[in-house]
J.: 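Got a structure here, written out as structure tokens. Questions coming.
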Amino acid sequence: MASRVDVAVIGAGPAGLAAAVAARERGAERVVIIERAEQLGGLLPQCIHNGFGLLYFKRDMTGPEYEKAFIDMARSRGVEAMLEAMVIDLDAERGITAVSRRHGYMKIKPGSVVLAMGCRERARGALGIPGTRPAGVMTAGTCQRFVNIEGYMPGSRYVILGSGDIGMIMARRLTLEGAKVEAVVEIMPWPGGLIRNEVQCLHDFGIPLLLEHTVTFIHGEERVEGVTVAKVDAERRPVPGSDRFLPCDCLLLSAGLIPENELSCRAGVEIDPVTGGPVVDQNRQTSVPGVFAGGNVVQVHDLVDWVSWEAEAAGRSAAAYADKGRLKRADGVRVLPGKNIRYVVPQFISGKDDVTLHMRVTRPGLKATVKVGGVMWKRYRTVRPSEMVILEVKGQALREAGVKGELAVDCEIRGGD
Amino acid sequence: MSALETEVLIVGAGVLGAATARELSRYKVDVTVVEKNVDVGWGITKANVGVVCQGRDTLEFRPEYHRTRLLWRALPLMEPLCRELDVPFKRVGAYLMIRDQVLKEKLDKLARRTESLGLGSDRYYPYPELKEREPFISPEIKGGLHDPEIAVVHPVYLTQALMENAVANGVRLMLETEVEGIEAGHTEFRVRTSRGEIRARYVINAAGEWVDRIAAMVNADDFVLFPIKGYVGVLDRNCAELAGSLLAVLPEEPGDMNIVVPTVEGNLLFGIQLQINRRHDRSTTDRMARKALENARRIIPEISEKDIINSFCGYLMFRNFEIGWHECEVAMSARVPRFINMTIGYPGVSASPGAALEVVEILEKDGLKLVPNPRFNPYRKDIPDFSMLSEKERKALIKKDPRYGHIVCRCETVTEGEIVEAIRRGATTLDGVKFRVRPGTGRCQGGFCGPRVARILARELGIPLTEVTKAGGASRQVPLRTKQLLEEGGGDG
Ligand SMILES: Cc1cc2nc3c(=O)[nH]c(=O)nc-3n(C[C@H](O)[C@H](O)[C@H](O)COP(=O)(O)OP(=O)(O)OC[C@H]3O[C@@H](n4cnc5c(N)ncnc54)[C@H](O)[C@@H]3O)c2cc1C
């Protein structure tokens with residue numbers, strides 16, 4: 001790569017596209033997206049259902065429509081993209097090594113980097129489901145790709161383990177394809193995805209959602225012939241005698257997403273063990289100077305709109321860094337997850353400026369109050385682990401409260417589950 | 001269909017069958033290998049931890065045992081063999097450890113025996129010193145005996161390489177060919193297979209899990225096999241630093257086999273949780289998984305459930321339970337001339353070069369003429385492993401073939417070039433590609449690359465995507481087109 005790259009964005013999903021556009025708008029000369037897939041958009045091209053853009057564009061769009069809107073923006077802002085190009089290394093000085101069929105072996109030293117690699121689905125091995133190893137076990141996202149992009153079906157009778165959004169959406173999609181979905185099996189007492197998906201994808205199609213159940217065994221020699229499903233107790237252990245056999249030729253897994261941070265780790269970026277993503281400050285700068293991160297690589301979002309917004313912040317900061325060769329850290333105050341809060345992103349804030357806090361609760365509840373130290377509080381009718389709580393905190397409030405050092409966020413629940 | 005005639009028929013392309021085929025390919029002998037699976041090395045050899053040992057790691061290690069003698073013959077051969085075949089071989093060393101000081105006596109005995117047999121002197125490291133060398137071991141460990149000779153190989157790579165080289169030197173390999181019956185005649189065997197009859201002067205029965213069944217076809221089953229199922233867990237690469245050597249705990253009860261093993265690829269394996277089982281069923285169970293993890297955590301407490309990326313079960317075929325573990329049978333049947341049984345319970349991979357030599361000697365003694373094969377070439381080049389190459393090598397490779405610049409598997413950094421080459425060398429299935437060049441063995445387990453590898457397979461083999469299988473037979477990955485169910489009115493949803 002001959003001429004200088006100001007901002008290199010790794011990944012061309014919604015996060016990468018939004019970060020690149022924002023970096024250009026913020027004045028970065030040369031912004032290059034590096035993407036390993038054949039096309040831009042990350043997972044969006046295979047998300048042919050609606051529900052995208054309600055917040056960002058105030059319109060109900062499909063994944064491809066949302067993607068197109070951002071690709072158009074990227075084109076008109078002069079963002080460059082390299083496809084089928086894989087970043088294989090990132091060092092602590094922002095040095096990128098990438099390879100592609102077209103460009104061969106590349107070394108790039110950009111002014112700044114935005115990590116936008118997104119996340120991957122938890123696989124069978126990681127779930128440790130006992131049983132045989134036949135064909136017909138795959139993640140819901142892989143199935144979605146086969147069905148929506150390639151035009152193939154992995155089976156005709158399904159059980160879906162985990163009620164993540166992709167799993168529930170695939171339950172509906174496969175039903176519309178004439179397949180039978182026996183059940184969606186969820187180990188927790190509440191669904192893993194959005195309520196709207198539970199209603200629109202499962203209830204509306206009469207697909208059973210088995211809460212507090214899990215798959216305890218996979219049967220079948222060459223192909224899946226069925227799974228054993230059992231109830232679980234409070235420790236999430238199968239209850240003896242509660243098992244039953246569900247025949248199916250395919251088991252889809254939709255049991256968790258994991259931020260994809262192999263490259264971040266190579267660069268020495270500090271990872272939050274709870275989110276699985278980089279620890280970031282208010283500007284989405286990671287612990288490695290000049291390396292920024294946004295979208296699902298930081299935390300698994302439930303709405304793409306927030307992915308875009310978060311990545312825009314990262315893109316803007318990256319442009320500012322590339323311009324000056326540095327960006328002051330906005331990390332005066334460490335935000336700590338308190339009672340019934342699993343995590344808060346960003347982990348560090350300036351303590352002086354307006355900031356949006358993203359968080360997830362540990363347990364669901366009614367009539368909840370989320371308190372940001374002594375700075376502010378907000379009431380919620382319901383909170384659920386599957387629905388991110390988003391809170392705008394005013395800089396003025398932070399300054400007036402004289403926040404220093406640490407700031408704990410708690411969620412108090414007055415109603416039950 | 002007229003019968004195929006061959007001098008030596010080897011039943012089974014596991015590590016033992018493949019090693020024997022390769023050894024025989026040094027001579028002008030007509031050799032045929034039949035394998036019921038679509039690929040080689042998918043029997044017991046596939047579910048294996050890949051340790052190359054010489055037997056001094058167990059108390060049952062006695063010079064009078066046949067398997068000990070095979071191991072001694074095999075051990076000096078393994079590293080040069082791997083070099084000839086360009087198969088990774090890593091001498092990681094091992095610590096045989098104790099948790100109970102009382103057992104120190106047993107370690108001393110082992111060390112003395114090793115020394116008196118002229119196999120070197122193994123040093124004992126008490127816990128504090130051991131911890132310096134293996135910083136993550138549990139404080140429960142009192143110390144360990146160091147065996148520097150222990151190495152690891154990838155048993156399936158080894159088997160593929162042996163077979164590839166044997167075929168290059170003239171051996172006939174017939175895949176998806178299952179032996180269904182054998183008739184012993186005076187001068188030859190008539191072997192009924194799923195692909196027609198084969199007539200052979202000699203039969204080498206290397207059918208692994210099914211050795212006794214094949215032997216029973218001609219009444220050559222003058223031994224009894226006990227199938228013992230063994231569970232192994234696979235840890236993510238990011239755990240590689242937790243163990244630099246093989247860490248084993250001296251069995252406290254018979255049948256215990258508690259080890260953590262680094263692989264040639266940098267993962268750690270743990271197990272082997274054993275259980276007497278009915279044969280064939282390779283399913284993993286929750287109980288075995290829990291127990292194995294618990295045991296592994298007693299070696300390295302930092303091993304965590306969330307680092308497990310995969311697990312599998314295999315079968316150890318034990319002969320003669322009473323006299324200890326691991327007996328083997330590599331001999332011509334006493335009842336049926338020219339019928340050779342070949343089975344090794346535990347260290348079959350380690351012993352394979354020795355066992356192959358012994359079979360060749362048995363054949364020679366029986367009168368088989370062994371004229372050197374003038375075309376024999378002991379060398380075989382491995383598929384380039386992009387992830388292990390230097391920058392310069394990578395550049396050169398991409399320049400030569402741009403497909404090496406297209407990374408298909410993100411977790412293991414596997415390129416399209418490697419996948420195409422694996423298919424050229426005989427992979428016809430997703431597992432076939434996976435067990436040659438590793439796409440899908442990383443932490444996402446094929447979530448990203450699965451559909452892409454399937455597409456490359458379909459393209460290279462010239463078959464529709466619906467015909468691409470995981471491992472042959474009915475294991476088609478995407479058997480239907482979209483809309484097909486709707487058109488057929490199938491599904492009752
Ligand atoms: C969990 C586990 C860990 C182990 N770890 C080690 C280790 O670290 N080191 C070591 O040295 N050993 C180890 N072993 C032992 C080792 O795996 C075996 O000794 C070895 O693989 C046996 O090889 P094989 O060729 O006899 O059997 P196989 O690999 O089973 O080969 C037999 C072949 O015969 C074919 N076949 C069967 N029936 C027919 C038929 N009717 N017609 C045609 N083909 C047929 C099968 O499909 C198969 O491919 C381990 C075993 C287990 C289970």
Side-chain angles (χ1 to χ4, degrees), chain A residues 36 84-86 88 97 99-105 107 120-121 123-126 128-136 138-139 141-142 145-157 174-181 205-207 216-219 221-223 238 249 258 260 262 265, chain B residues 234 238 281-286 288-289 305-306 308-312 391 394-395 398-399 402-407 410-411 413 415-416 430 443-448 450-451 455 465-466 469-493:
Chain A
R36 62 184 168 217
E84 284 187 284
M86 172 98 172
I88 54 177
T97 309
V99 290
S100 96
R101 203 169 1 203
R102 272 197 41 214
H103 306 275
Y105 196 85
K107 291 263 189 194
R120 63 162 179 272
E121 299 170 282
R124 175 186 179 176
I129 312 165
T132 54
R133 264 136 194 79
M138 65 177 74
T139 62
T142 303
R145 183 183 162 90
F146 271 127
V147 176
N148 292 347
I149 304 267
E150 317 253 347
Y152 292 89
M153 298 274 285
S156 53
R157 202 167 182 186
L174 293 164
T175 308
L176 292 172
E177 272 295 332
K180 170 104 177 119
V181 179
F205 288 84
I207 299 166
T216 56
F217 207 86
I218 298 172
H219 304 264
E221 277 288 312
E222 293 178 341
R223 259 216 88 76
D249 60 6
I258 306 165
E260 183 102 42
E262 281 69 32
C265 292
Chain B
V234 186
N238 63 21
D281 160 27
R282 291 224 201 154
S283 59
T284 51
T285 64
D286 189 43
M288 288 175 105
E305 187 164 7
K306 69 177 204 313
I308 302 174
I309 59 165
N310 202 0
S311 59
F312 56 81
E391 190 177 324
R394 284 175 175 181
K395 279 186 183 154
I398 299 173
K399 200 153 192 192
R403 288 176 298 188
Y404 284 94
H406 178 212
I407 291 172
R410 58 185 178 192
C411 305
T413 319
T415 64
E416 183 179 348
L430 291 162
R443 43 181 80 90
C444 93
Q445 298 280 303
F448 177 80
R455 228 191 301 141
L465 200 61
T466 46
T469 65
K470 178 176 184 284
S475 67
R476 294 183 298 159
Q477 194 189 29
V478 281
L480 305 162
R481 302 270 342 199
T482 46
K483 308 283 169 287
Q484 200 175 332
L485 288 171
L486 294 169
E487 280 154 17
E488 290 165 3
D492 42 4

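Numbered from 1 within each chain, the chains take letters A, B, ... in sequence-line order.
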J.: About how many Å separate CD1 of I149(A) and OG1 of T482(B), when rounded to the nearest 0.5 Å?
T.: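 So the OG1 of T482(B) and the CD1 of I149(A) are separated by 12.0 Å.
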
J.: Show, in sequence, the C-alpha distance, side-chain angles and deciding distance for T216(A) and D286(B), and conclude whether the side chain to side chain contact (heavy atoms under 4.5 Å, CB included) test is met.
T.: CA-CA 8 Å; T216(A) 56; D286(B) 189 43; over 6 Å; no

J.: Find the distance between CZ (R36(A)) and CZ (F448(B)) and round it off to the nearest 0.5 Å.
T.: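 With rounding to 0.5 Å, CZ (R36(A)) is 4.5 Å from CZ (F448(B)).
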
J.: Quick check: does any side chain N or O of S100(A) sit under 3.5 Å from a backbone N or O of A85(A), one acting as donor and the other as acceptor?
T.: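 Between the backbone of A85(A) and the side chain of S100(A) there is no qualifying donor-acceptor contact (under 3.5 Å).
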
J.: Hey, which of R403(B), K483(B), Q445(B) has the most heavy atom pairs under 4.5 Å with chain A?
T.: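 Heavy-atom pairs under 4.5 Å are most numerous for K483(B).
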
J.: Tell me, out of D281(B), L465(B), N310(B), who's got the most heavy-atom pairs with chain A below 4.5 Å.
T.: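 So the answer, after comparing D281(B), L465(B), N310(B), is L465(B).
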
J.: Of the backbone (N, CA, C, O) and the side chain (C-beta and beyond), which part of T413(B) lies under 4.5 Å from a heavy atom of chain A, both, or neither?
T.: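 Only the side chain of T413(B) comes within 4.5 Å of chain A.
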
J.: Tell me which of these, K470(B), R410(B), K395(B), has more heavy-atom pairs under 4.5 Å with chain A than the rest.
T.: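 The option with the most such pairs is R410(B).
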
J.: Below 4.5 Å, heavy-atom pairs only: which of R157(A), E121(A), E262(A), H219(A) has the largest tally toward chain B?
T.: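 Top count of heavy-atom pairs under 4.5 Å with chain B: E262(A).
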
J.: Using only atom types and a distance under 3.5 Å, with no angle test, would you say the side chain of R133(A) pairs donor to acceptor with the backbone of G131(A)?
T.: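 Yes, R133(A) side chain to G131(A) backbone: donor-acceptor pair under 3.5 Å.
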
J.: Is any side-chain heavy atom of R476(B) closer than 4.5 Å to a side-chain heavy atom of T469(B)?
T.: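 In short, these two side chains touch, coming nearer than 4.5 Å.
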
J.: Tell me, for F205(A) versus chain B, whether the close heavy atoms (under 4.5 Å) come from the side chain, the backbone, both or neither.
T.: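 Contact with chain B is absent: no heavy atom of F205(A) under 4.5 Å.
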
J.: Pick one of side chain, backbone, both or neither for I398(B), based on which atoms fall under 4.5 Å of a heavy atom in chain A.
T.: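 For I398(B), side-chain heavy atoms alone lie under 4.5 Å from chain A.
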
J.: Look only at the side chain of R145(A) and the backbone of E150(A), and say whether a donor-acceptor pair between them is shorter than 3.5 Å.
T.: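 Checked: no pair found.
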
J.: Counting only non-hydrogen atoms closer than 4.5 Å, does T466(B) touch chain A with its backbone (N, CA, C, O), its side chain (CB onward), both, or neither?
T.: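 Looking at T466(B), backbone and side chain both touch chain A.
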
J.: Under 4.5 Å heavy-atom distance to chain A, tell me which part of I308(B) shows up: side chain, backbone, both or neither.
T.: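 Contact with chain A is through both the backbone and side chain of I308(B).
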
J.: Check whether any side-chain N or O of T97(A) sits under 3.5 Å from a backbone N or O of I88(A) as a donor-acceptor pair, and report yes or no.
T.: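 Absent.
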
J.: Could you check whether any side-chain N or O of T132(A) sits under 3.5 Å from a backbone N or O of I218(A), counting only pairs where one atom can act as donor and the other as acceptor?
T.: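 Present.
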
J.: Scan D249(A), T142(A), V147(A) and name whichever one has a side-chain contact (heavy atoms from CB on, under 4.5 Å) with P154(A).
T.: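 Answer to the side-chain contact (heavy atoms from CB on, under 4.5 Å) test with P154(A) among D249(A), T142(A), V147(A): V147(A).
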
J.: Relative to chain A, which segment of E416(B) carries a heavy atom at a distance below 4.5 Å: side chain, backbone, both, or neither?
T.: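 It is the side chain, since no backbone atom gets that close.
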
J.: Give a yes or no on whether the backbone of F312(B) and the side-chain of R282(B) come within a donor-acceptor separation of less than 3.5 Å.
T.: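 Pair absent, no side-chain N/O of R282(B) close to backbone of F312(B).
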
J.: Is I207(A) close to chain B through its backbone or its side chain, or both, or neither, when contacts mean heavy atoms under 4.5 Å?
T.: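 Neither; nothing under 4.5 Å.
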
J.: Under a 4.5 Å heavy-atom cutoff, which of P451(B), P402(B), A289(B) has the most pairs with chain A?
T.: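 It is P451(B).
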
J.: Among G447(B), G472(B), S311(B), single out the residue with the greatest number of heavy-atom pairs under 4.5 Å to chain A.
T.: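 Sorted descending by pairs with chain A, the first entry is S311(B).
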
J.: Between E177(A) and chain B, which part of the residue has a heavy atom less than 4.5 Å away: side chain, backbone, both or neither?
T.: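 The answer is both parts of E177(A).
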
J.: Please flag which part of A474(B) lies under 4.5 Å from any non-hydrogen atom of chain A: side chain, backbone, both or neither.
T.: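 Its backbone and side chain both get close to chain A.
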
J.: Just so I understand: if I count every heavy-atom pair under 4.5 Å between each of E305(B), M288(B), R455(B) and chain A, which residue has the most?
T.: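 Winner by heavy-atom pair count: R455(B).
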
J.: Please look at I258(A) and chain B and tell me whether the side chain, the backbone, both or neither of the residue comes under 4.5 angstrom of a heavy atom of that chain.
T.: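 Contact with chain B is absent: no heavy atom of I258(A) under 4.5 Å.
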
